[in-house]
Amino acid sequence: MLKRYLDRFKELELREKILVLFVFSIPFERIPSLDVGGITLKLSLFLGIALILTSLKDIRLNVNKLFDKKFLLLPALLLIYSLISILWAQDSSTWIKANLNLGFVVAIFYSLSLSSKKNLQLILNTIFVSTLVVIGFGFFQWFGDLVGLPASLTGIREQYDAIRLGLPRMHSVLLEPLYFSLFLLLPLGLSLADKKNELFKNFYFRLGFISLIYLSILLSLARGAIVA
């Protein structure tokens, strides 16, 4: 199954490969990352920029599509939200940074909209693969902190370790346990809804995958995600 996934990935064009890598990198918010001048440089940022740059040609060729009503809805809503948020902005630099992030989201949205439907299943499977990697590290983090491994190995933040709380709170490669758990709601929903996926033809694999997600959410102790 993994071999088929890798073979399919090798067949993709450069832009499509970058897209798949970008989707894989989405949950990697804190590890790996680099703080420069108050800005967190994440793996998804570099891959997102590469995706936008490699999509420029297709964007020019599909300019009429981009001005279709359904594609204008998201940027229009974000623009309205941004203009309204000026009223409550206490720091102009923070407001500018937030709007740069919004602009990045819109650019990524347009780049994704150009993707072929034939790659949809590969992208969905990439989310599942990324989820397994993130959960795997999360369990290493949780058990590692429990047995006393240093935070330099487990990546756990001080406020979530076993010394402070008695039991560690799993947050894996993300900044907060809540962020980690809310991310897991995406693959949870997809695994329940995607009835035709080859990955889930085996009932026990699907059950195991869903169980891992539920257990990870519970170990994060994120009440909001648990309720969700």
Side-chain angles (χ1 to χ4, degrees), residues 1-33 40-56 58-59 74 101 104-141 155 170-175 179-217 220 225:
M1 191 176 294
L2 180 60
K3 184 178 183 302
R4 286 203 302 273
Y5 174 85
L6 293 175
D7 288 342
R8 181 73 187 89
F9 177 79
K10 291 176 183 177
E11 295 172 359
L12 300 176
E13 297 177 0
L14 176 61
R15 188 183 70 83
E16 294 171 325
K17 287 181 179 178
I18 294 174
L19 169 60
V20 170
L21 291 174
F22 171 75
V23 170
F24 179 85
S25 71
I26 287 174
F28 293 85
E29 176 192 28
R30 178 171 170 260
I31 301 173
S33 67
T40 302
L41 303 178
K42 300 178 286 187
L43 184 60
S44 59
L45 174 64
F46 295 106
L47 289 169
I49 292 172
L51 177 61
I52 293 169
L53 293 176
T54 54
S55 300
L56 289 177
D58 289 330
I59 289 175
L74 174 64
N101 288 332
F104 181 70
V105 169
V106 171
I108 290 295
F109 171 75
Y110 278 137
S111 300
L112 291 174
S113 72
L114 299 171
S115 302
S116 172
K117 290 182 179 179
K118 68 180 181 181
N119 296 324
L120 178 60
Q121 196 61 65
L122 182 67
I123 291 172
L124 291 175
N125 288 343
T126 300
I127 294 174
F128 297 135
V129 171
S130 180
T131 299
L132 287 174
V133 172
V134 169
I135 286 179
F137 183 79
F139 277 102
F140 166 76
Q141 179 183 79
M170 186 187 294
H171 59 90
S172 188
V173 295
L174 288 94
L175 186 65
Y179 302 166
F180 167 64
S181 296
L182 291 178
F183 162 74
L184 292 180
L185 295 180
L186 171 62
L188 175 61
L190 290 173
S191 63
L192 292 170
D194 194 359
K195 304 295 185 182
K196 298 180 180 180
N197 197 316
E198 289 185 3
L199 289 175
F200 298 127
K201 283 185 177 179
N202 186 307
F203 169 78
Y204 295 103
F205 181 87
R206 184 193 293 266
L207 181 63
F209 183 77
I210 292 173
S211 299
L212 277 176
I213 290 178
Y214 276 126
L215 181 58
S216 299
I217 292 174
S220 74

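What's counted below: heavy atoms across the whole structure, side chains too, no hydrogens, waters or symmetry copies.
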Can you find a heavy atom in the side chain of Ile213 that is under 4.5 Å from one in the side chain of Pro187? yes

Does atom OH (Tyr179) have a neighbourhood of more than 12 heavy atoms from anything else shown, all under 6.0 Å? no

Distance-only, no hydrogens or angles: does the Arg206 side chain make a donor-acceptor pair with backbone N or O of Ser191 under 3.5 Å? yes

Distance col, row Ile135:CD1 vs Ser216:OG, nearest 0.5 angstrom, shows 4.0 Å

Run the numbers on Arg30 and His171 for side chain to side chain contact (heavy atoms under 4.5 Å, CB included), then give the verdict. CA-CA 10 Å; Arg30 178 171 170 260; His171 59 90; 3.5 Å; yes

Where do Leu12 and Leu122 land on the side chain to side chain contact (heavy atoms under 4.5 Å, CB included) test, with the steps shown first? CA-CA 10 Å; Leu12 300 176; Leu122 182 67; 3.4 Å; yes

What are the two closest heavy atoms between Ile210 and Leu192, and how far apart are they? CD1-CD2, 3.5 Å

If you compare all heavy atoms of Pro27 against all heavy atoms of Leu174, which two are closest, and at what distance to 0.1 Å? O-CG, 3.2 Å

Of all heavy-atom pairs linking Val129 and Phe24, the shortest is CG1-CE1, 4.0 Å

To the nearest 0.5 angstrom, please state how far the CG atom of Leu47 sits from the CG atom of Leu45. 9.0 Å

Check the pair Leu215 / Phe139 against side chain to side chain contact (heavy atoms under 4.5 Å, CB included), numbers first and verdict last. CA-CA 10 Å; Leu215 181 58; Phe139 277 102; 3.7 Å; yes

Pair Phe180, Val173 - check side chain to side chain contact (heavy atoms under 4.5 Å, CB included), show working. CA-CA 8 Å; Phe180 167 64; Val173 295; over 6 Å; no

Strictly distance-based, threshold 3.5 Å: is any side-chain N or O of Gln141 a donor or acceptor partner for the main-chain N or O of Ser172? yes

So, Thr54 side chain and Ala50 main chain: donor-acceptor pair closer than 3.5 Å or not? yes

Can you classify the ring geometry of Phe209 versus Phe205 as parallel (below 30°), tilted (30 to 60°) or perpendicular (above 60°)? parallel

As an exercise, state the distance from CZ of Phe28 to OG of Ser44, rounded to the nearest 0.5 Å. 10.5 Å

Side-chain contact, heavy-atom cut-off 4.5 Å: Ile31 with Phe137? yes

Taking all non-hydrogen atoms of both residues, which atom of Leu185 and which atom of Ile217 are closest, and how far apart? CD2-CD1, 4.0 Å

Could you grab the distance from atom CZ of Arg4 to atom CG of Asp7, nearest 0.5 Å is fine? 9.5 Å

Nearest 0.5 Å, please: how far is OG1 in Thr131 from CG in Leu186? 7.0 Å

Working to the nearest 0.5 Å, report the span between CZ of Phe140 and CE of Met170. 12.0 Å

